[in-house]
Amino acid sequence: MKMSELMKQRMAFSFELFPPKTEAGEKKLLGEGGVLDKLSTMKPDYISCTYGAGGTNVGKQLPVLEAIKAHNSTPVAHFTCIGNTRESIREQLQNYLDRGIDHILALRGDLPFGWTGTGGDLCYATELVKFVRDEFGDKFTIAVAGSPEGHIACRSLEADISFLKQKQDEGADYIMTQLCWDMDQFLRWLDAIRKAGVTMPVDVGIMPVLDAAATINMALSRNGCVMPRELCEIISKYWIFPNPFVSDPYDADVAGKKAAFKEAGLEYTVRLIDEYRVCGINGIHLYALNKYEDVAKLVEMSGIKDM
Ligand code: FAD
């Protein structure tokens, strides 16, 4: 079933994985009794797999997508314009279809450091959506990214929303959002996109708050996300002195603080999921970070498996 159709009937629940970078990582994710085996027992509606930033690690995506399909879940392939010609896009998308993969997340992609453009034939996700529809008709269900706080490089939130509407007009089926902890901003954005005529289901991306450094990095390295007071308080309370980014941080209780941060972060993430669920959204998409235990705990605590 098309995920966009399912989301019109009920809330969807999904995970996001990334292609492992090492053989050990591959075994941990795809091996017998590994993370994918375990995540699949929760019966997510779909599992997506990222496309290497800057076109790197792309070859590793297919085995993950095929494994997801073999686990009776719907694989959703992230796909970007970075470094891709029209011909290479055609080839890769046909390759997905040949393997029974018919859901994609059509993205521009993050520009590699120092690049000013995509280095490919297409510049924006709008063009990619149009290209996929022109070349492949209705064979793909197409998800697109939405940024509730506005994409970091957008000239205005209004412009960003108009490009989102354009993605819908070109044939996109549903929205997967960028992480957003600021509920006031999320509600403003949801209201604004509906007023702008964007009717696509909204599948909310949730980054589990498990580790202080990863949380700060995810928010600020690329996305410029607002961190609400409550989240900042958790980060401050369990701050590892003098610096969480160095290997020897001179703090007597590093392990204790990390564990306490994770516990507080899980509770924070559950409250965030609750807040999203009452906004009339259509799905919860958990960035599973190729982990099982913490993600399973989150699923259990939030009850999203039974949505
Ligand atoms: P676009 O929608 O093309 O927007 C990019 C910028 O250009 C925005 O500022 C927008 O306002 C502006 N813009 C858009 N259209 C036009 C136009 N026609 N004219 C002028 N300006 C325009 N990246 C990866 O590399 N690999 C992944 O696997 C990946 N997965 C992701 C998953 C999710 C759920 C999300 C939300 C993001 C993901 N990203 C991934 C990151 C994404 O590629 C970046 O956010 C990227 O910088 C923008 O992609 P986009 O599709 O939103 O771009």
Side-chain angles (χ1 to χ4, degrees), residues 3 12 14-21 46-58 60-62 64-65 75-84 89 92 96 103-113 115-132 142-170 172-180 186 189 192-193 196 198 200-207 218-225 281-290:
M3 283 305 119
S14 59
F15 294 128
E16 178 170 317
L17 303 174
F18 58 83
K21 293 184 181 69
Y46 75 85
I47 304 179
S48 76
C49 181
T50 62
Y51 189 88
T56 55
N57 217 17
V58 168
K60 306 270 180 189
Q61 187 202 37
L62 262 183
V64 178
L65 293 166
V76 175
H78 296 210
F79 190 84
T80 79
C81 304
I82 305 296
N84 276 321
I89 296 172
Q92 290 171 78
Y96 289 147
H103 281 64
I104 59 164
L105 169 60
L107 299 155
R108 182 198 68 179
D110 277 324
L111 305 184
F113 187 70
W115 291 32
T116 51
T118 61
D121 286 346
L122 308 181
C123 300
Y124 297 109
T126 44
E127 294 171 42
L128 180 58
V129 174
K130 180 170 170 19
F131 181 80
V132 178
I142 306 177
V144 287
S147 303
E149 295 174 85
H151 180 261
I152 187 75
C154 68
R155 63 174 178 259
S156 68
L157 186 62
E158 289 74 17
D160 212 38
I161 290 175
S162 69
F163 297 130
L164 187 61
K165 172 69 164 54
Q166 199 178 333
K167 291 178 193 180
Q168 174 177 286
D169 295 343
E170 301 291 8
D173 294 299
Y174 74 101
I175 300 166
M176 288 164 72
T177 69
Q178 188 55 268
L179 76 133
C180 172
F186 180 81
W189 173 81
I193 66 166
V198 176
M200 292 184 279
V202 174
D203 194 10
V204 171
I206 302 273
M207 161 89 175
M218 192 68 190
L220 301 182
S221 67
R222 282 192 184 271
N223 303 316
C225 288
I281 55 147
N282 309 95
I284 295 283
H285 181 65
L286 272 186
Y287 304 149
L289 310 164
N290 292 12

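Atoms within each ligand, like the ligands themselves, are counted from 1 in listed order.
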Short N or O distance, [X] and ligand 1, threshold 3.5 Å exclusive:
{"X": "Gly109", "result": "yes"}
{"X": "Leu107", "result": "no"}
{"X": "Thr80", "result": "no"}
{"X": "His151", "result": "yes"}
{"X": "Arg155", "result": "no"}
{"X": "Glu16", "result": "no"}
{"X": "Asp160", "result": "yes"}
{"X": "Gly52", "result": "no"}
{"X": "Tyr287", "result": "no"}

Query - Exercise: identify the closest heavy-atom pair between Met207 and Leu289 - result: SD-CD2, 4.5 Å

Report task. Work out which heavy atom in Lys167 is nearest to a heavy atom in Val129; give both atom names and the distance. Result ->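 Taking Lys167 first and Val129 second, the nearest heavy atoms are O-CG1, 3.8 Å.
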
Query raised in the report: So do the side chains of Val198 and Ile175 get within less than 4.5 Å of each other, counting heavy atoms only?
Result: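 Of all side-chain heavy-atom pairs linking Ile175 with Val198, at least one is under 4.5 Å.
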
Query - Sub-4.5 Å side-chain heavy-atom contact between Ile281 and Thr177 - result: no

Query raised in the report: Under 4.0 Å from any heavy atom of Ala145, which atoms of ligand 1 are there?
Result: 36 (C), 52 (O)

Report summary line: Quick note on ligand 1: atoms under 4.0 Å from a heavy atom of Cys154 include exactly 9 (O), 11 (O)

Report task. Please state whether Gly205 comes within less than 4.0 angstrom of ligand 1, counting heavy atoms only. Result -> no

Requested in this report: For Lys167 and ligand 1, answer yes if some heavy atom of the residue is under 4.0 Å from a ligand atom, otherwise no.
Outcome: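 Lys167 counts as a contact of ligand 1 under the 4.0 Å cut-off.
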
Where the side chain of [X] meets the backbone of [Y], is there a donor-acceptor pair that is under 3.5 Å apart?
{"X": "Asn290", "Y": "Leu17", "answer": "no"}
{"X": "Asn282", "Y": "Asp203", "answer": "no"}
{"X": "Gln61", "Y": "Cys49", "answer": "yes"}
{"X": "Asp160", "Y": "His151", "answer": "yes"}
{"X": "Glu149", "Y": "Gln178", "answer": "no"}

Requested in this report: Determine whether the side chain, the backbone, both or neither of Thr126 has a heavy atom under 4.0 Å from any heavy atom of ligand 1.
Outcome: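 Side chain only.
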
Requested in this report: Check Phe163 against ligand 1 and report side chain, backbone, both or neither, counting heavy atoms closer than 4.0 Å.
Outcome: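 The answer is the side chain.
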
Counting heavy atoms only, which of [options] is nearest [atom]?
{"atom": "atom 35 (C) of ligand 1", "options": "Glu127, Arg108, Gln166, Gln178", "result": "Gln178"}
{"atom": "atom 41 (C) of ligand 1", "options": "Asp110, Ile82, Val204", "result": "Asp110"}
{"atom": "atom 32 (C) of ligand 1", "options": "Ile152, Leu105, Thr177", "result": "Leu105"}

Query - Listed partners of Tyr174 passing ring-ring contact (aromatic ring centres under 6.0 Å, His included), at least two apart - result: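 Once residues adjacent in sequence are excluded, Tyr174 has no partner under the ring-ring contact (aromatic ring centres under 6.0 Å, His included) criterion.
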
Query raised in the report: Got a sec, which residues hit ring-ring contact (aromatic ring centres under 6.0 Å, His included) with Tyr46, two or more places apart in sequence or on another chain?
Result: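 By the ring-ring contact (aromatic ring centres under 6.0 Å, His included) rule, Tyr46 matches His285.
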
